[in-house]
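If you read the sequence from its start, that first residue is 1, and numbering goes on from there.
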Amino acid sequence: MNNWVEIKINTTVEASEIIENILFELGSSGISIEGKSLLEENLDDNLGTIVAIDEKKYSFEGVLIRGYIEKTDFSKDFFEKLKEKIKSISNNFDIGYFFNISYKIIKDEDWENSWKDFFEILEIGDNFVIVPTWKKYKNENNKNIIRIDPGMAFGTGGHETTTLCIKNLEKYLNKDDNVIDVGCGSGILTIVSSYLTCGKLKAVDLDEKAVEISKENFKVNNILDRVSVQKANLLENESDNYNVIVSNILPHIIEKMLEDAYKLLEKNGYFIVSGIIKNKKDDFLKKAIKKGFILKEEIHQNDWCSLVFTK
């Protein structure tokens, strides 16, 4: 029987996504995130199934991130490396004066239930619902269903940055558009695109684990034969043109592909980006405009924004 180590991190909403990425880079088999501000946002936008907030349960500031590592892969050196890596981002991100990190051992038989405690059915955008694979969903409103196993998570759809991307895809993606999802993670944005277009779909990620996870999720959602999935460093070596280029990753990473994105974007196409914290938006916007992009729209949720460009 394997045991697991649950790593719990109390931090800010602003730092949450990059800390999730750090956990995955170091081998976390899955991640959950919870916090009062996230639930309140879901309530306000009618995005989720939660109808009340337990004030005692969510009395902490910011958010709690939980990552899961097999005990055989965990050590004190690993824990110290994780702490140092997180603290090193504090020059660019506010990790919170209340920042705290701790861990505990959980037994293998508790692993599946630990996951299930943190993932609910999530209605997102106008027409989509994300449903964990073990849950039943009565599709009374004819929603487009995205099946995801959070145990394979590289993004489960609950983060604001994903919500914003999905809303923009619903608004701007046409039925014959060709789409590339750069930094695809779990493949959610590609799955959304598969409902909105009959065009070509491609998903790329530099992380080989993300590529495999995307393939599994595409298979679960019956679109594996429609999608070209590749390990790739952003848009390097990409030669095809696309009507829509979508990317939900950190802004300093997106900046590295601005030139390639401009070159590969079809005339009258859309470059949709997310993962941008509000206080980083202006700097990113200047760099994108300098490359030739024209800002079409920006939308916000909590401290995050998504930008839509044309050329």
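At a threshold of 4.5 Å between side-chain heavy atoms, the hydrophobic network of Ile, Leu, Val, Met, Phe, Trp and Tyr places Leu295 and Ile277 in one connected group. The hydrophobic cluster containing Ile276 also contains Ile89, counting ILVMFWY residues as joined when their side-chain heavy atoms lie under 4.5 angstrom apart, directly or transitively. Linking Ile, Leu, Val, Met, Phe, Trp and Tyr whenever their side-chain heavy atoms come within less than 4.5 Å puts Ile289 and Leu258 in one cluster. By the rule that hydrophobic residues join a cluster once side-chain heavy atoms approach within less than 4.5 Å of another member, Val182 and Leu206 end up as members of separate clusters. Each of Ile18 and Tyr97 belongs to its own hydrophobic cluster when Ile, Leu, Val, Met, Phe, Trp and Tyr are linked at side-chain heavy-atom distances under 4.5 angstrom.
Using a 4.5 Å heavy-atom threshold, the side chains of Asn279 and Glu14 count as touching. The shortest side-chain heavy-atom distance between Asn222 and Arg147 does not fall under the 4.5 Å cut-off. Counting heavy atoms from C-beta on, the side chains of Ile188 and Ile166 come closer than 4.5 Å. Side chains of Tyr195 and Leu173 form no contact here, defined as non-hydrogen atoms less than 4.5 Å apart. Counting heavy atoms from C-beta on, the side chains of Leu264 and Ile180 never come closer than 4.5 Å. Within the 4.5 Å cutoff, the side chain of Thr197 has no heavy atoms near those of the Asn243 side chain. Side chains of Val192 and Ile124 form no contact here, defined as non-hydrogen atoms less than 4.5 Å apart.
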Step-by-step side-chain contact (heavy atoms from CB on, under 4.5 Å) determination, Phe74 to Ile7:
CA-CA 10 Å; Phe74 185 83; Ile7 300 168; 4.2 Å; yes
For a side-chain contact (heavy atoms from CB on, under 4.5 Å) check, start with the C-alpha distance between Leu307 and Asn168, then their side-chain angles and the critical distance, and finish with the verdict.
CA-CA 9 Å; Leu307 306 175; Asn168 278 327; over 6 Å; no
Yes or no on salt bridge (charged side-chain N to carboxylate O under 4.0 Å, His left out) for Asp282 and Lys286, after CA distance, side-chain angles and deciding distance?
CA-CA 6 Å; Asp282 290 342; Lys286 288 177 183 176; over 6 Å; no
side-chain contact (heavy atoms from CB on, under 4.5 Å), that's the test. Do Phe99 and Ile86 meet it? Break it down for me.
CA-CA 10 Å; Phe99 171 81; Ile86 292 174; 3.6 Å; yes
What verdict does the side-chain contact (heavy atoms from CB on, under 4.5 Å) test give for Asn248 and Glu17, after you've listed the backbone C-alpha separation in whole Å, the side-chain angles of each residue and the deciding distance to 0.1 Å?
CA-CA 11 Å; Asn248 178 24; Glu17 188 166 29; 4.0 Å; yes
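Separation of atoms CD (Glu238) and CD1 (Ile245) is listed at 8.5 Å; rounding is to 0.5 Å. A distance of 4.5 Å separates CD in Glu212 from NZ in Lys215, rounded to the nearest 0.5 Å. The line from OG of Ser214 to CD1 of Ile191 is 7.5 Å long, rounded to the nearest 0.5 Å. Note that NZ of Lys291 is 11.5 Å distant from NZ of Lys263, once rounded to the nearest 0.5 Å. The NZ atom of Lys87 lies 10.5 Å from the CG atom of Leu82; values are rounded to the nearest 0.5 Å. Note that the CD1 atom of Ile65 and the CD1 atom of Ile101 stand 9.5 Å from one another [nearest 0.5 Å].
Shown here for Trp304 and Ser16, the closest heavy-atom pair between the two residues is CZ2-OG, 4.3 Å. When all heavy atoms are compared, the tightest approach of Ile145 to Asn221 is O-OD1, 3.8 Å. Across Leu164 and Gln301, no two heavy atoms sit closer than the pair CD2-CB, 3.8 Å. Residues Gly275 and Pro251 share a closest heavy-atom pair of O-CD, 3.2 Å. Residue Leu189 comes nearest to Leu169 through the heavy atom pair O-CD1, 3.9 Å, listed as atom of the first residue, atom of the second, then distance. Closest non-hydrogen pair, Asn217 versus Ser186, comes out as ND2-O, 3.0 Å.
Other residues, nucleotides and ligands contribute more than 12 heavy atoms inside 6.0 Å of the NZ atom of Lys278. Heavy atoms of other residues, nucleotides or ligands lying less than 6.0 angstrom from CD of Glu259 number 12 at most. In the displayed structure, Lys200 atom NZ is contacted under 6.0 Å by more than 12 heavy atoms of other residues, nucleotides or ligands. Under a cut-off of 6.0 angstrom, the local environment of CG in Asn139 is crowded, with over 12 non-hydrogen atoms contributed by other residues, nucleotides or ligands.
Remark: the backbone N or O of Asp94 is paired with a side-chain donor or acceptor of Thr12 at under 3.5 angstrom. Counting only distance, with no hydrogens or angles, the side chain of Glu61 and the backbone of Phe98 share no donor-acceptor pair below 3.5 Å. Under a 3.5 Å cut-off, the side chain of Asp205 and the backbone N or O of Gly185 do form a donor-acceptor pair. With Asp177 contributing its side chain and Asn174 its backbone, the two residues share a donor-acceptor pair below 3.5 Å. Without hydrogens or angle criteria, Ser90 side chain to Ile95 main chain gives no donor-acceptor distance under 3.5 Å. In this structure a side-chain-to-backbone donor-acceptor pair under 3.5 Å is missing from Ser306 to Ile299. Distance alone, capped at 3.5 Å, places no donor-acceptor pair between the Lys8 side chain and the Gly67 backbone. Listed for the Lys311 side chain is a donor-acceptor partner under 3.5 Å among the backbone atoms of Leu265. The main-chain N or O of Glu266 is never found under 3.5 Å from a side-chain atom of Asn241 such that the two would form a donor-acceptor pair. Judged by distance alone, the side chain of Lys296 and the main-chain N or O of Thr310 form no donor-acceptor pair under 3.5 Å.
Listed by chain and number, the residues in a side-chain contact (heavy atoms from CB on, under 4.5 Å) with Lys104 are Glu6, Ile106 (sequence neighbours excluded). Phe93 meets the ring-ring contact (aromatic ring centres under 6.0 Å, His included) test with no other residue; sequence neighbours excluded.
Taking the six-membered ring for Trp and thresholds of 30 and 60 degrees, Tyr172 and Tyr270 have ring planes inclined between 30 and 60 degrees apart.
The pair Lys202-Asp240 does not count as a salt bridge, with every side-chain nitrogen at least 4.0 angstrom from each carboxylate oxygen. A salt bridge does not link Lys81 to Asp77: none of the charged nitrogens lies less than 4.0 Å from a carboxylate oxygen. With salt bridges taken as basic N to acidic carboxylate O contacts below 4.0 Å, one links Glu80 and Lys83.
In summary, of the residues considered (Phe78, Phe79, Tyr68), a ring pair (Phe, Tyr, Trp, His ring centres under 6.0 Å) with Tyr103 occurs for Phe79 alone.
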